[in-house]
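Okay, so here's the structure we're looking at.
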Amino acid sequence: MDNTYTHIKETEAMLLNVGTLLMSSGASTGRVRTTVNRIADALGYNIELLITNRSLMLKVIDEETDHFVASLKRTSPHGVNFRVVSGISRMSWRVVEDNWNIQQINQEIDRLVALPHYPRFITLGAVALAGSSFCALFGGKGIELVVAFVATFAGMYVRQESLKKRFNPYVSIFFAAFAASILSGLSVKLGLGESPELAFATSVLFLVPGVPLINSFTDMIDGNVLNGIVRGIHGLIIAFAIALGLLCAKFLLNI
Amino acid sequence: MDLISLLGKGMWAGFAALGFAILFNVPQRTLLIIWGLGAVGGLTKFLLLGLDVNIALSSLVGASLIGVLSVYAAHGKQAPPLVFSIPSVIPMVPGAFAYRMMLGLMELAGSTANSDNYLKTLAETTNNGLKALFILIAISAGVAIPMLVTRKDTFKRIKSSVEQE
């Protein structure tokens with residue numbers, strides 16, 4: 001009996017780990033549920049799962065002995081990481097097809113979590129490139145693209161630094177929006193290019209809460225209305241933080 | 001609309017998608033496809049806009065195309081569809097409309113209700129805000145629905161059941 005108990009305990013801890021990792025990396029509620037169910041099925045357990053935005057509750061039931069273990073785990077706010085989402089999804093299929101045991105799964109999870117992010121300057125450069133792409137899409141040319149690039153680069157840098165210093169995530173977004181719009185606002189003030197206000201409007205677009213808003217809609221039409229609302233409000237607060245940063249820069253520069 | 005500027009917009013949409021893909025830390029093997037999906041979605045949207053189609057509808061078509069293609073890409077590259085579709089649709093977010101709506105709201109808050117300009121600003125702000133809202137809904141629906149339709153039987157299972165027959 002002790003043996004079964006420790007096995008259920010281990011399964012419980014592993015499944016909660018998978019679920020919270022997926023949730024904090026930007027998977028939708030439906031995907032978290034399917035993946036955790038798939039792994040539990042493959043290991044031969046019945047589970048009940050309650051998913052909220054900040055924590056997960058899981059009950060693992062052993063059908064033969066009718067023993068069960070239930071516990072809660074907090075979802076750590078890590079930020080979007082699709083490499084983890086993709087890795088766990090691949091792993092869940094290998095659990096089903098190759099009959100992996102818990103040790104193998106835990107090793108794979110450790111490997112996935114340790115996978116490197118893109119180097120910092122590549123991320124900064126790519127996001128800045130996205131900023132100038134936005135400017136080009138709205139009709140900017142030449143010097144406006146450069147302004148959008150520089151402003152986005154600086155804004156993203158400020159965001160990374162303030163997250164590193166453990167500021168509230170919304171406050172970090174406010175700082176980033178403020179930094180980006182002060183820089184691009186200066187170009188409006190100096191009258192660089194034909195329509196510098198394009199660079200001003202697009203330099204904060206790298207902050208748009210795309211993942212929360214799309215996941216919010218996915219959750220809602222999937223029936224997870226409560227999670228959808230929570231994600232939607234989260235996206236809305238981010239949008240407000242961006243607006244506030246933009247406003248402050250606008251008033252300071254008087255444009 | 002001339003072809004060169006259309007292709008140019010597609011290319012820029014691809015780069016915007018690529019930037020977000022790197023920000024979201026997608027696996028390297030998916031980067032090129034995300035650039036392509038972003039470009040195809042952007043091209044479709046701007047092509048329809050050039051044909052005088054409503055902007056929300058053009059975004060819906062572009063995003064649905066990305067949604068459907070990402071389900072196929074997901075099978076080929078073994079990564080969930082959202083890894084492809086979310087970065088690819090981000091170039092379509094209605095940033096400019098949302099920005100103008102915000103400016104309008106601020107102007108409304110700062111002026112008196114019976115001035116001449118008030119009604120004009122109110123109309124413009126409502127228009128921009130509604131456009132932003134509907135484009136956002138169109139984008140999310142376009143991406144989410146193909147994923148939801150194929151989720152019950154994941155793509156892997158559909159394919160293996162076809163092979164068994």
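The structure displayed is predicted, hence computed values, not measured ones. Here is how names work: the chains are called A, B, and so on, in the same order as the sequence lines, proteins then strands, and each is numbered from 1.
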Smallest separation among heavy atoms of F134(A) and F20(B), with atom names:
CE1-CE1, 3.5 Å
Test item: I139(B) and F217(A) side chains (from C-beta on) under 4.5 Å apart, heavy atoms:
no
If I measure from the heavy atoms of chain A, does A141(B) come under 4.5 Å with its side chain, its backbone, both, or neither?
both
Can you tell me how far the CG atom of L137(A) sits from the CE atom of M92(B), to the nearest 0.5 Å?
10.0 Å
Flag if over 12 foreign heavy atoms under 6.0 Å of CD1, I4(B):
no
Ranked by heavy-atom pairs below 4.5 Å to chain A, first place among M11(B), K77(B), Q28(B) goes to Q28(B)
Return yes when atom OH of Y118(B) has more than 12 non-hydrogen atoms of other residues, nucleotides or ligands closer than 6.0 Å, and no otherwise.
yes
Hey, could you give me the CH2/CG distance between W12(B) and L145(A), rounded to the nearest 0.5 Å?
5.5 Å
Check: Y118(A) side chain, V26(B) main-chain N or O, donor-acceptor pair, under 3.5 Å
yes
Nearest-0.5 Å distance that lies between atom OG1 in T123(A) and atom CD1 in I22(B)
7.0 Å
Given the rule in the side-chain contact (heavy atoms from CB on, under 4.5 Å) test, do I221(A) and I145(B) qualify, once you have shown the distances and angles that lead to the verdict?
CA-CA 9 Å; I221(A) 56 175; I145(B) 290 168; 4.2 Å; yes
Measure the CG-CD1 distance between L23(B) and I122(A) for me, rounded to the nearest 0.5 Å.
13.5 Å
Surrounding OH of Y170(A) (heavy atoms of other residues, nucleotides or ligands, distance under 6.0 Å), is the total greater than 12?
yes
Walk me through it: do L213(A) and L136(B) pass the test side-chain contact (heavy atoms from CB on, under 4.5 Å)?
CA-CA 8 Å; L213(A) 290 179; L136(B) 205 61; 3.6 Å; yes
Honestly, the part of L246(A) sitting under 4.5 Å from a heavy atom of chain B is side chain
Between M156(A), K250(A), H117(A), the one whose heavy-atom pairs under 4.5 Å with chain B are most numerous:
H117(A)
Can you tell me which of P80(B), A144(B), P87(B) forms the most heavy-atom pairs within a distance under 4.5 Å of chain A?
P80(B)
Please look at F200(A) and chain B and tell me whether the side chain, the backbone, both or neither of the residue comes under 4.5 angstrom of a heavy atom of that chain.
side chain
Evaluate the side-chain proximity of N81(A) to F24(B): yes if any heavy-atom separation is below 4.5 Å, no if none is.
no
Just checking Q104(A): does its CD atom have more than 12 heavy atoms from other residues, nucleotides or ligands closer to it than 6.0 angstrom?
yes
Under 4.5 Å from any heavy atom of chain A, what part of V143(B) do you find: side chain, backbone, both or neither?
side chain
Engaged part of A27(A) at the chain B interface, taking heavy atoms whose separation is under 4.5 Å
backbone
Measure across S86(A) and R29(B) and return the closest heavy-atom pair with its distance rounded to 0.1 Å.
OG-NH2, 3.4 Å
Does any non-hydrogen side-chain atom of P91(B) lie less than 4.5 Å from one of S133(A)?
no
At a 4.5 Å cut-off on heavy atoms, which part of L103(B) comes close to chain A: side chain, backbone, both, or neither?
side chain
Evaluate whether atom CG of L115(A) has more than 12 neighbouring non-hydrogen atoms of other residues, nucleotides or ligands under 6.0 angstrom away.
yes
How far does OG of S140(B) sit from CG of N215(A), to the nearest 0.5 angstrom?
10.0 Å
Counting only heavy atoms closer than 4.5 Å, note whether T218(A) contacts chain B via side chain, backbone, both or neither.
both
Can you measure from CE (M102(B)) to CG (L244(A)) and round to the nearest 0.5 angstrom?
10.0 Å
Could you check whether any side-chain heavy atom of V80(A) comes within less than 4.5 Å of a side-chain heavy atom of N25(B), counting everything from C-beta outward?
no
Between L247(A) and M106(B), what is the shortest heavy-atom contact and its length?
CG-SD, 3.2 Å
Does a sphere of radius 6.0 Å around CG in L32(B) hold more than 12 heavy atoms from other residues, nucleotides or ligands, not counting ones at 6.0 Å or beyond?
no
Would you mind checking which part of R90(A) comes under 4.5 Å of any heavy atom in chain B, side chain (CB onward), backbone (N, CA, C, O), both or neither?
side chain
